[in-house]
Amino acid sequence: MASDVPPPTLDVPDGWRLVSEELTTPFDVRVVTVTANTRIYEDVGLRERLADVADTAVTWRFVFASRLRIRPANPPSRGLSKLVTDRANSRFVDVLGERGFESIDRADSRRFDVGADRDPTDDTSAGADATLPVTEATRYRARVRLDGRSVPVEAYFAAWAAGDGEYLLGGGAYPLSVPDPESFDPERARDELLSMMRSIR
């Protein structure tokens, strides 16, 4: 049952708020059941600042965390991990579209050290700590409409095994420019998103 799956936890900065928590059963057949608990947080401060300078009530800066539980439980295998990652990546693209993102393109994939305190997309960190779970973070480029303009955004997604029959997923997005640029730093937004994804547990 989906209710048996505990919610994932993550560390979010001040000004972020939980806007959705959902228990689902995305896959259920006679031999395999996949249940999920997903939380979505948004940067409420950015949403309010955008509303002050533009006619919009949406935010493009969000992060999500999801715990998947597969029953019957089996140790994670390369094939199962690839299946989970591919399906979840596809769903993440759908979610971006549902949130108003356009022209969504996969840019690249990079090493992601789960739980590491360093930049998880820094390829020079490879091998620095073999005890940490390692996966890939997929980066997407997209655009959103604001007052007749097309605004560039960037998004990241990652999935990794968290034990027998369990996976953690994380991702989110942030704009690369806003109407009031003095109040927003895209590099800091990127660092905060990746830090939140690393903190998922």
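Numbering of residues begins at 1 and proceeds along the displayed sequence.
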**Message:** For Arg106, give me all partners under side-chain hydrogen bond (donor to acceptor under 3.5 Å, both in side chains), at least two apart in sequence or on another chain.
**Reply:** Ser109
**Request:** Locate the shortest heavy-atom distance separating Arg190 from Tyr156; write the atom from each residue and the value.
**Result:** NE-OH, 3.6 Å
**Request:** Using the test side-chain contact (heavy atoms from CB on, under 4.5 Å), find all partners of Ser150 that sit at least two apart in sequence or belong to another chain.
**Result:** Arg143, Arg145
**Request:** Indicate the atoms forming the closest heavy-atom contact of Val151 with Ser177, along with that distance.
**Result:** CG1-O, 3.2 Å
**Prompt:** For the atom pair CG (Leu10) and OG (Ser195), what is the distance rounded to the nearest 0.5 Å?
**Reply:** 9.5 Å
**Item:** Minimum side-chain heavy-atom gap Phe157-Phe112 below 4.5 Å
**Value:** no
**Prompt:** Does Asp105 reach the main-chain N or O of Ala107 with its side chain, forming a donor-acceptor pair under 3.5 Å?
**Reply:** no
**Message:** Once rounded to the nearest 0.5 Å, what's the spacing between atom CZ of Arg61 and atom CG of Leu193?
**Reply:** 8.0 Å
**Item:** Residue pair Met196 / Pro13: nearest heavy atoms and the distance that separates them
**Value:** SD-CD, 3.4 Å
**Prompt:** Asp43 versus Phe62: any side-chain heavy-atom pair under 4.5 Å?
**Reply:** no
**Message:** Do Thr35 and Leu68 make a side-chain contact, defined as non-hydrogen atoms from C-beta onward lying under 4.5 Å apart?
**Reply:** no
**Message:** Filter on salt bridge (Lys or Arg N to Asp or Glu O under 4.0 Å), then keep only pairs touching residues 153-164, sequence neighbours left out; what's left?
**Reply:** Arg139-Glu154
**Item:** From Tyr174 atom OH to Asp191 atom CG, the distance as rounded to the nearest 0.5 Å
**Value:** 8.5 Å
**Message:** Please find the pair of heavy atoms, one from Pro8 and one from Ala65, that lie closest to each other, and give the distance.
**Reply:** CG-O, 3.4 Å
**Asked** To the nearest 0.5 Å, how far apart are CD1 in Ile104 and CG in Leu96?
**Response** 5.0 Å
**Request:** Could you tell me which residues satisfy side-chain contact (heavy atoms from CB on, under 4.5 Å) with Val32, sequence neighbours excluded, listed by chain and number?
**Result:** Phe27, Val29, Val34, Ile70
**Request:** Give a yes or no on this: more than 12 heavy atoms of other residues, nucleotides or ligands lie within 6.0 Å of atom CZ of Arg17.
**Result:** no
**Request:** Using salt bridge (Lys or Arg N to Asp or Glu O under 4.0 Å) as the criterion, list what pairs up with Arg188, not counting sequence neighbours.
**Result:** Glu192
**Prompt:** Can you tell if the side chain of Tyr41 reaches within under 4.5 Å of the side chain of Val19, non-hydrogen atoms only?
**Reply:** no
**Complete:** Across all chains, not counting sequence neighbours, the side-chain hydrogen bond (donor to acceptor under 3.5 Å, both in side chains) partners of Arg141 are none
**Message:** Quick check against the 3.5 Å criterion: does Thr135 have a side-chain atom that pairs as donor or acceptor with the backbone of Ala159?
**Reply:** yes
**Request:** Before giving the answer on side chain to side chain contact (heavy atoms under 4.5 Å, CB included), spell out for Val93 and Phe101 the whole-Å C-alpha distance, their side-chain angles and the decisive distance to 0.1 Å.
**Result:** CA-CA 9 Å; Val93 171; Phe101 291 68; over 6 Å; no
Got a list of side-chain donor-acceptor pairs under 3.5 Å for residues 84-92, not counting sequence neighbours?
| unit_1 | atom_1 | unit_2 | atom_2 | d |
| --- | --- | --- | --- | --- |
| Thr85 | OG1 | Ser81 | O | 2.9 |
| Asp86 | OD2 | Lys82 | NZ | 2.6 |
| Asn89 | OD1 | Tyr140 | OH | 2.7 |
| Arg91 | NH1 | Glu98 | OE2 | 3.0 |

**Request:** Determine, stepwise, if the pair Trp16 / Val63 fulfils side chain to side chain contact (heavy atoms under 4.5 Å, CB included).
**Result:** CA-CA 9 Å; Trp16 287 70; Val63 64; 3.8 Å; yes
**Item:** Glu166: partners by side-chain hydrogen bond (donor to acceptor under 3.5 Å, both in side chains), with sequence neighbours left out
**Value:** Arg67, Arg69
**Message:** Starting from Val153, can I reach Val95 by hopping between I/L/V/M/F/W/Y residues whose side chains sit under 4.5 Å apart?
**Reply:** no
**Request:** Identify, with sequence neighbours excluded, every residue that meets side-chain contact (heavy atoms from CB on, under 4.5 Å) alongside Glu21.
**Result:** Pro7, Leu18, Asn37, Arg39
**Fill in**
Nearest heavy-atom contact between Phe184 and Ala189 is CZ-CB, 3.6 Å
**Over all atoms of both residues, closest heavy-atom pair of Gly170 and Trp160** = N-CZ3, 4.3 Å
**Request:** Tell me, with the steps shown, if Asp94 and Arg99 meet salt bridge (Lys or Arg N to Asp or Glu O under 4.0 Å).
**Result:** CA-CA 9 Å; Asp94 291 341; Arg99 295 180 74 89; over 6 Å; no
**Request:** Kindly write out the residues that satisfy side-chain contact (heavy atoms from CB on, under 4.5 Å) with Ser20, not counting sequence neighbours, or none if the list is empty.
**Result:** Ile40
